[in-house]
Amino acid sequence: MNLQRACASWPQSDSELQTLLAAVAPAVARILPENLALEFGALACAQEGNELTVAVSQTPSDALITRIERATGLRASIKVVAAHLLTPEIARCYGTVQIRNTAAFEEREEQNLSQYLDQLLERAILARASDIHLDLVPDKTRIRFRIDGHLKVVDNLDASAATRLISRIKLLAGLDIAERRLPQDGHLSFPFEARSIDVRVATIPSEAGERVALRLLDRQSGNQQLEQLDFSPHILSSLQQICLARGGFFLICGPTGSGKSTTLYALLHALCREELHLCTVEDPVEKIVPGITQVGINPKSGLTFAVALRALLRQDPDVLMVGEIRDQETATTALGAALSGQLVFSTVHGADIVSGIARLCELGQTENLILQALTGIMSQRLVRRLCRSCRRSTNVSPDDAQRYGFNRDATVFAAVGCERCHHTGYRGRVAIADIALFASNQSTAKRRANLPRHNYAGLLDDARRHCLAGDTCIAEIASLFQTEASSSDAR
Ligand SMILES: [Zn+2]
């Protein structure tokens, strides 16, 4: 294809544009420095004499045209092209091409940038971070990792490096680089130790500038087994009993980040055997479990929880996992399936068992129906686990003893900090839980009597147990119950 000629008579149809853009040679694209290409979502398509044809996804400002002309020393002829056509070609021309050793200074800087991103993701995975946050504070962009539920600053970048880093992330995630006024979401894959880490990228325009959050999903890492989750013995044996249930509804309540999915995956893992058909509908699929049918919802294309769930019920499932119940139709379908003999696992946003049931009632279900369907209900939280290398034993203060129901002479442990725990005093997390089980022949009245009467009472009992065992400390319990302790009967 004669690109100069094609550019001169710039095509209008998407398919012709696609052919033209696909024919752009990286060497030509690279006439335009990568920082400009990434910052403005621009692709240099062809050069004829001293004129450079540059495709951009949005009508450019005069300032952009001036910067392109200054950087290239050529006169820019600007063409506007839809971002979805342009972005993959920018990625092709800049993303995968090896940078020559004789690279100009700017190119070397870009190479550093892509190395920096790789190293940042690697560091995050090695630090067991669940999320990476990039946000603007005056004069710089702060990079933080969320590790064990807590954010920690790991680096600061100056504004221009941050802009280019964000553009690179957006490019790799298939987002429109030039769009900074609307939120966007996408994802990229990052290879790490022979597996692929799925990184969900979400941007939002804030008053301070564009903010980016990355969620790391290590979908191919092994699943944890129930026994590895360090539940208290009575919680573990209840969960093992749930796996033997012939049908019914098992619901886990808790806020975001309380470890509900990890527990659900461990249950699936325990049930995964040849004679059972296990299905999941999730948003998104967080872990791949070989041998089961997993469906990730995609509301943009109409695949909602309710639609996927109805379709899965036609696939003759024995066990169904519904990632989360958020709407009435899903609640009705899931409870219906449980009442007709399937074993259904799900989660709901709710502080504890009492509010979990209230949430289902808000979604149009009657308490009687919920109680009939339930085979078990659980609430859970995650607290930080004390580092075993440095924790120290201590006495409970009279105040804490009274507030959290410890004996006055009880011995507990406190965080210290050492090399092994990066001087935080903590390593990993431990689950605090409360659970109620229902026998299949129990009447609704008996089931109702089986429910906890007080908010949080069961969670607090379990928290105290883990404190006395030295798994966690009173400071963690205090932050967990700081709002609850004053309002509930905490003894
Ligand atoms: Zn330590």
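Indexing begins at 1, ligand by ligand and atom by atom, following the structure's order. Keep in mind that the numbers below use all heavy atoms, side chains included, and drop hydrogens, waters and symmetry copies. Keep in mind that this is a model prediction, so the values were computed, not measured.
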| said: Could you check whether Asp218 pairs with Arg195 (Lys NZ or Arg NE/NH1/NH2 to Asp/Glu carboxylate O, under 4.0 Å)? | reply: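 Yes.
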| request: Identify whether the distance between the nearest side-chain nitrogen and carboxylate oxygen of Arg144 and Asp135 falls below 4.0 Å. | output: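 Answer for the salt bridge query: yes.
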| field | Exercise: do Gln328 and Gln365 side chains pair donor with acceptor under 3.5 Å | value |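 Result is no, nothing qualifies.
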| task | Anything protein N/O/S under 2.8 Å from the Zn ion (ligand 1)? Just list residue and atom, please. | result |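 Metal shell, protein only: Cys387 SG, Cys390 SG, Cys418 SG, Cys421 SG.
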| task | Taking the side chain as every heavy atom from C-beta outward, state whether Thr293 and Thr280 have any pair of such atoms under 4.5 Å apart. | result |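 Side chain of Thr293 against side chain of Thr280, heavy atoms only: no contact under 4.5 Å found.
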| field | Phe192 and Phe190 aromatic ring geometry - parallel, tilted or perpendicular at 30°/60° bounds | value |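 Parallel: the ring planes of Phe190 and Phe192 meet at under 30°.
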| field | side chain to side chain contact (heavy atoms under 4.5 Å, CB included) partners for Asp283, two or more places apart | value |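 Here the qualifying residues are Ile297, Phe305, Arg326.
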